[in-house]
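When a ligand or atom number is given, it counts from 1 through the structure's own listing order. Since this is a predicted model, take the numbers as computed values, not measurements.
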Amino acid sequence: MNLRRYLKGKWPLLYIYRKLYYAPKDVPAALGFIFHGTKSPTTFGQRLGLVAAFYKISYRVDCPHAEHELIAIGRQILDLGAGVPGAIVEAGSFHGGSTTKLSLVAKLCDRPLHVFDSFEGMPENREAHGKSIYGREHHFPKGSHAVGLDEVRGNVAKYGDVSRTEFHKGFFSDTMPHFREPVAAACVNVDLVQSTRDCFHYLYPLLSPGGIIVSQDAHFPWIIALLRDDAFWRDELGLSRRPEIPGLGTLKFVTVRK
Ligand SMILES: C[S@@+](CC[C@H](N)C(=O)[O-])C[C@H]1O[C@@H](n2cnc3c(N)ncnc32)[C@H](O)[C@@H]1O
């Protein structure tokens, strides 16, 4: 029997399983972060405290990501420094585990955090999904991953910094066209091709030079195909060439730097 499926809903056993399963990646990421300074100045104590907070948040809020992902993303954001002005944006919050963690990163580098989600799950879509590059099946019908705004805001208020977090409720194609602030970093975790397309379409032009968009969906062949599509970069973003995306095709999360 598949152990992960057997442990579904059995807390804290599932939490312990996840921490042991991902320890070979999580522990080096945590140590690498704690023992290295960042461009936005942080102390050893702050970095240690952030990692401890991440583990606590994952215990309290069901997080579909592994610890090393958010540690690596947090580290990249803290390494942008003052030379890359702008807000942090999250697209796709689910229960708000990643949102809560990003709010603490935002606090450390004194940036606002803007969170975009329908808070009603996936939009209507006819996308054909299937196996990730790791061989697991994934399907995202309308309404899947639905978690209400009150629950997400409550989690950020309890375990993060809600004072610097602004929520934008609605489908990206409705909310993002009204957003105009400079962006230093955007974290996109939205599963669908159309949603990823919308995020890049509206957020890439707002990125400050040196800013980053991280996709946490790069283990899905349909997202890899989109990010490898020269026509997407040329026709939708007006770039003469597709940017370098290190690890595309082999990693779960990839970074596009402007
Ligand atoms: C995988 S979950 C995000 C997980 C979260 N980042 C974490 O690590 O805890 C994907 C989220 O994207 C949202 N989403 C996907 N497409 C969307 C769209 N077009 N507009 C608004 N929200 C969308 C869903 O509602 C869902 O909350």
Exercise for review: Spell out, as yes or no, whether a donor-acceptor pair under 3.5 Å connects the side chain of Glu236 to the backbone of Trp233.
Suggested key: no
Practice item. Could you tell me which atoms of ligand 1, counted from 1 in the order shown, lie closer than 4.0 angstrom to a heavy atom of Met122? Key: 10 (C), 15 (C)
**Study point:** Ion pair check, Glu67 and Lys101, cut-off under 4.0 Å
**Key:** yes
Check your understanding: To the nearest 0.1 Å, how far is atom 8 (O) of ligand 1 from its closest protein heavy atom, and which atom is that?
Key -> His65 ND1, 2.7 Å
Check your understanding: Would you say Glu137 has more than 12 foreign heavy atoms packed within less than 6.0 Å of its CD?
Key -> yes
Review point. For atom 14 (N) of ligand 1, what is the nearest protein heavy atom, given as residue, atom name and distance?
Key: Phe172 CZ, 4.0 Å
Exercise for review: Check whether the ring centres of Phe200 and Tyr204 lie less than 6.0 Å apart, and answer yes or no.
Suggested key: no
Practice item. Can you pull out the closest protein heavy atom to atom 1 (C) of ligand 1? Residue, atom name and distance to 0.1 Å, please. Key: Asp191 OD2, 3.2 Å
Revision key, fill the gap. the protein heavy atom lying closest to atom 12 (O) of ligand 1 turns out to be Gly92 CA, 3.5 Å
Check your understanding: Quick one: nearest non-hydrogen protein atom to atom 21 (C) of ligand 1, plus distance?
Key -> Ser118 N, 3.1 Å
Check your understanding: So, for Phe54 and Tyr59, is the gap between ring centers shorter than 6.0 Å?
Key -> no
Revision key, fill the gap. protein heavy-atom neighbour closest to atom 9 (O) of ligand 1 works out as Pro64 CD, 3.1 Å
Check your understanding: Side chain, backbone, both or neither: which part of Ser98 has a heavy atom under 4.0 Å from ligand 1?
Key -> both
Practice item. Looking only at protein heavy atoms, identify the closest one to atom 26 (C) of ligand 1 and say how far it is in Å. Key: Asp117 OD2, 3.5 Å
Study note, to complete from the structure: So the atoms of ligand 1 within less than 4.0 Å of a heavy atom of Phe171 turn out to be 18 (C), 20 (N), 21 (C)
Practice item. Do me a favour and list the nearest non-hydrogen protein atom to atom 10 (C) of ligand 1 with residue, atom name and distance? Key: Asn189 O, 3.2 Å
Review point. Between Asp110 and Arg164, is there a salt bridge with N-O shorter than 4.0 Å?
Key: yes
Check your understanding: Taking the six-membered ring where the residue is Trp, are the ring centres of Phe44 and Phe35 under 6.0 Å apart?
Key -> yes
Check your understanding: Is Gly170 near ligand 1, meaning one of its heavy atoms is under 4.0 Å from it?
Key -> yes
Review point. Are Asp26 and His68 close enough that a side-chain donor and a side-chain acceptor fall under 3.5 Å?
Key: yes
Check your understanding: So if you build clusters from Ile, Leu, Val, Met, Phe, Trp, Tyr with side-chain heavy-atom gaps below 4.5 Å, do Ile245 and Ile213 land together?
Key -> yes
**Study point:** Centroid-centroid distance, His129 to Phe220, less than 6.0 Å
**Key:** no
Exercise for review: Report yes if Phe94 has an N/O atom closer than 3.5 Å to an N/O atom of ligand 1; otherwise report no.
Suggested key: yes
Check your understanding: With atoms numbered from 1 as shown, which atoms in ligand 1 lie under 4.0 angstrom from a non-hydrogen atom of Ser93?
Key -> 5 (C), 9 (O), 27 (O)
Practice item. Answer with yes or no whether Val190 contacts ligand 1, where contact means a heavy atom under 4.0 Å from a ligand atom. Key: yes
Check your understanding: Hey, does Ser195 come in under 3.5 Å of ligand 1, counting only N/O atoms on both sides?
Key -> yes
